[in-house]
A.B. asks: 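To start, I am sharing the structure in question, which I have written as structure tokens.
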Amino acid sequence: MVTLADVARHAGVSASTVSYVLSGKRSISAPTRERIQHSIDTLGYRPHAGARALASSRTDILALMMPLRTGLYVPVMMEIAMAVTTTARSHGYDVLLLTGEEGPEAVRRVEGSAIADAMIVMDVGLDDPRLPWLREAARPAVLIGLPTETADAVGTRGLDCVDLDFEAAGARCVEHLAGLGHTRVAVLGEPPAVYERGTGFAARTLTGLRAAADRHGVGLLHRPVDGTYAAVAAAVARVFEERPGTTALVVQNEAAVEPLLALLRHQGRAVPEDVSVVAICPDQVAVHASVPLTAVSVPAREMGRLAVERLVGRLAGEEPRGTELIAPRLTPRASTGPVAALASPDAPTEDRRGHGGR
């Protein structure tokens, strides 16, 4: 299927210029319009009829639904929002930020009042109650997140999704640790509320962690945790009581990173000599941690940019393209290393520094 981006590449212009020509909302020089029209004719690009009909009543506003719910790490949400805003401005759109926990009502409000041309939806649940309303809406929507439905089903039902491949990210963490010889790994996950409401990214990460642990013969223990020092201390204490031979931790909870590293220092557990730590977090969290963390990067800016570019294409007439998952990128840093000899069952008891045998 020919897309707006294909037309832009063929004509040697930006996607936003093609969008302006199709919508007529900005004046474009005659030679450029002719070149774009030639590319449209050559490639056989066909804008969607519904999108053309909406063009005459545009607001040039995109609605960003970003409910600030319990347990979410707000800096990551805001980084995505900033990427959405700056990318939208480059295409001539402003952004309306909706932060309430309104659920389907927010979709009905945008659709009923025509306050925005299209919607970007964040904090997507596996069985998100907003989905039926988004499918029926006249205005296009892009999800930053992935519901339970398959990628093909999402696309055929009129929605686009962009996200990090969190399932692959979880698997990549286990693969990295297994490659270093770790066979007992504990996961400090998001706060309990995130799992209780079925938030997609957290559930998908856990699926990937467990599947990779099974493949590599790794014993895996998962503990949801709030990001306070007291909560992290309690979770870590339970981990080492239940699995005294644990040699590695995976952290998917940005707020818990520094409390965890401070706790391990207080307990005399050196990172990575005694305990390796891998995180799933933005690069700035990993790089500026007190021990630079081996981490799978959460590409917040790329997610926001892709969501807007999908919407710009939809408003210019493209059909939904379904799901685009960003491949995870793990960067080794100072927080992971091979299983130390002191973790071996044969090591002297006084050298194990509280780990117990494997």
A.B. asks: Just how far is it from atom CZ of R333 to atom CG of D283, taken to the nearest 0.5 Å?
C.D. replies: 5.5 Å
A.B. asks: So, does T148 use its side chain to make a donor-acceptor pair with the main chain of L126 at under 3.5 Å?
C.D. replies: yes
A.B. asks: For L263 and A233, which heavy atoms make the closest approach, and how far apart are they?
C.D. replies: CD2-CA, 3.5 Å
A.B. asks: Run T17 and T32 through side-chain contact (heavy atoms from CB on, under 4.5 Å) and show every step you take.
C.D. replies: CA-CA 9 Å; T17 301; T32 300; 4.0 Å; yes
A.B. asks: Kindly give the heavy-atom pair with the smallest separation between M119 and R139, and that separation in Å.
C.D. replies: CE-O, 3.9 Å
A.B. asks: Contact between L325 and R204 at the side-chain level, heavy atoms closer than 4.5 Å - yes or no?
C.D. replies: yes
A.B. asks: State whether the side chain of T86 and the backbone N or O of A83 hold a donor-acceptor pair below 3.5 Å, judged by distance alone.
C.D. replies: yes
A.B. asks: Would you say H176 and R172 make side-chain contact, with heavy atoms under 4.5 Å?
C.D. replies: yes
A.B. asks: Looking only at heavy atoms, which two atoms of H91 and S16 are closest? And how far apart?
C.D. replies: ND1-CB, 3.1 Å
A.B. asks: How long is the gap from CG on L311 to CG on L306, to the nearest 0.5 Å?
C.D. replies: 11.5 Å
A.B. asks: What do the steps show when you test T336 against L177 for side-chain contact (heavy atoms from CB on, under 4.5 Å), and what is the final call?
C.D. replies: CA-CA 8 Å; T336 54; L177 292 170; 4.2 Å; yes
A.B. asks: CG of D274 to CG of L264: how many Å apart, nearest 0.5 Å?
C.D. replies: 9.0 Å
A.B. asks: Before you tell me yes or no, could you show the steps for R89 and D94 under side-chain contact (heavy atoms from CB on, under 4.5 Å), namely the whole-Å CA-CA distance, both residues' side-chain angles and the distance that decides it to 0.1 Å?
C.D. replies: CA-CA 6 Å; R89 285 304 310 145; D94 290 313; 3.1 Å; yes
A.B. asks: How many angstroms lie between OG1 in T246 and CZ in F240, if you round to the nearest 0.5 Å?
C.D. replies: 5.5 Å
A.B. asks: When you measure from the side chain of S335 to the backbone of V277, do you find a donor-acceptor pair of N or O atoms at a distance under 3.5 Å?
C.D. replies: yes
A.B. asks: Indicate yes or no for a side-chain donor-acceptor contact from T99 to the backbone of M66 under 3.5 Å, with no hydrogens or angles considered.
C.D. replies: no
A.B. asks: For Y73 and A255, indicate whether the former's side chain and the latter's backbone hold a donor-acceptor pair under 3.5 Å.
C.D. replies: no
A.B. asks: Heavy-atom distance under 4.5 Å between the side chains of R301 and M82, does that happen here?
C.D. replies: no
A.B. asks: What do you reckon, is CD of E105 surrounded by more than 12 foreign heavy atoms closer than 6.0 Å?
C.D. replies: yes
A.B. asks: Do the non-hydrogen side-chain atoms of P224 and V194 ever get within less than 4.5 Å of each other?
C.D. replies: no
A.B. asks: I'd like to know if the side chain of E111 reaches the main chain of A138, judged simply by a donor and an acceptor atom lying under 3.5 Å from each other, with no hydrogens or angles considered.
C.D. replies: yes
A.B. asks: Is the closest side-chain heavy-atom distance between M303 and D163 below 4.5 Å?
C.D. replies: yes
A.B. asks: Would you name the heavy atoms of V218 and V185 that are closest together and state the gap between them?
C.D. replies: CG1-CG2, 3.6 Å
A.B. asks: Checking the side chain of T205 only, and the main-chain atoms of F201 only, is there a donor and an acceptor separated by less than 3.5 Å?
C.D. replies: yes
A.B. asks: If hydrophobic clusters are built by linking Ile, Leu, Val, Met, Phe, Trp and Tyr wherever their side-chain heavy atoms come under 4.5 Å apart, do L180 and V187 end up in the same one?
C.D. replies: no
A.B. asks: Does CG belonging to D41 count more than 12 external heavy atoms closer than 6.0 Å?
C.D. replies: yes
A.B. asks: Minimum heavy-atom separation for P272 to A334, with atom names?
C.D. replies: CD-O, 3.3 Å
A.B. asks: Is it possible for you to say whether V287 and L330 belong to one hydrophobic cluster, with membership spreading through side-chain heavy-atom contacts below 4.5 Å?
C.D. replies: no
A.B. asks: Could you tell me if the side chain of E254 sits less than 4.5 Å from the side chain of P75, heavy atoms only?
C.D. replies: no
A.B. asks: Less than 4.0 angstrom from a charged side-chain N to a carboxylate O is my criterion; do R321 and E318 meet it?
C.D. replies: yes
A.B. asks: Check whether any side-chain heavy atom of V312 lies under 4.5 Å from a side-chain heavy atom of Y93, and answer yes or no.
C.D. replies: yes
A.B. asks: I need the single residue from L146, L209, T207, L206 that forms a side chain to side chain contact (heavy atoms under 4.5 Å, CB included) with E167. Which is it?
C.D. replies: T207
A.B. asks: Any heavy-atom pair between the side chains of D226 and P192 that's under 4.5 Å?
C.D. replies: yes
A.B. asks: Please give me the minimum heavy-atom distance between S276 and H182, naming the atom from each residue.
C.D. replies: OG-NE2, 3.3 Å
A.B. asks: Whether the H10 and Y45 side chains hold a donor-acceptor pair (N or O, under 3.5 Å, no angle test) is what I'd like checked.
C.D. replies: no
A.B. asks: Do you know which of D60, L4, D117 makes side chain to side chain contact (heavy atoms under 4.5 Å, CB included) with L315?
C.D. replies: D117
A.B. asks: Counting N and O atoms only, with roles assigned by atom type, does the side chain of R33 sit under 3.5 Å from a partner on the main chain of I28, one being a donor and the other an acceptor?
C.D. replies: yes
A.B. asks: Apply ring-ring contact (aromatic ring centres under 6.0 Å, His included) to Y229 and H266, showing your working.
C.D. replies: CA-CA 12 Å; Y229 185 92; H266 178 73; 7.4 Å; no
A.B. asks: Can you tell me how far CZ of R108 sits from CG of L134, rounded to the nearest 0.5 angstrom?
C.D. replies: 11.5 Å
A.B. asks: Any chance you could measure I40, atom CD1, to D6, atom CG, to the nearest 0.5 Å?
C.D. replies: 12.0 Å
A.B. asks: Determine, step by step, whether R223 and V239 satisfy the side-chain contact (heavy atoms from CB on, under 4.5 Å) criterion, reporting the C-alpha distance in whole Å, the side-chain angles of both residues, the deciding distance to 0.1 Å, and the verdict.
C.D. replies: CA-CA 8 Å; R223 290 290 176 265; V239 164; 4.2 Å; yes
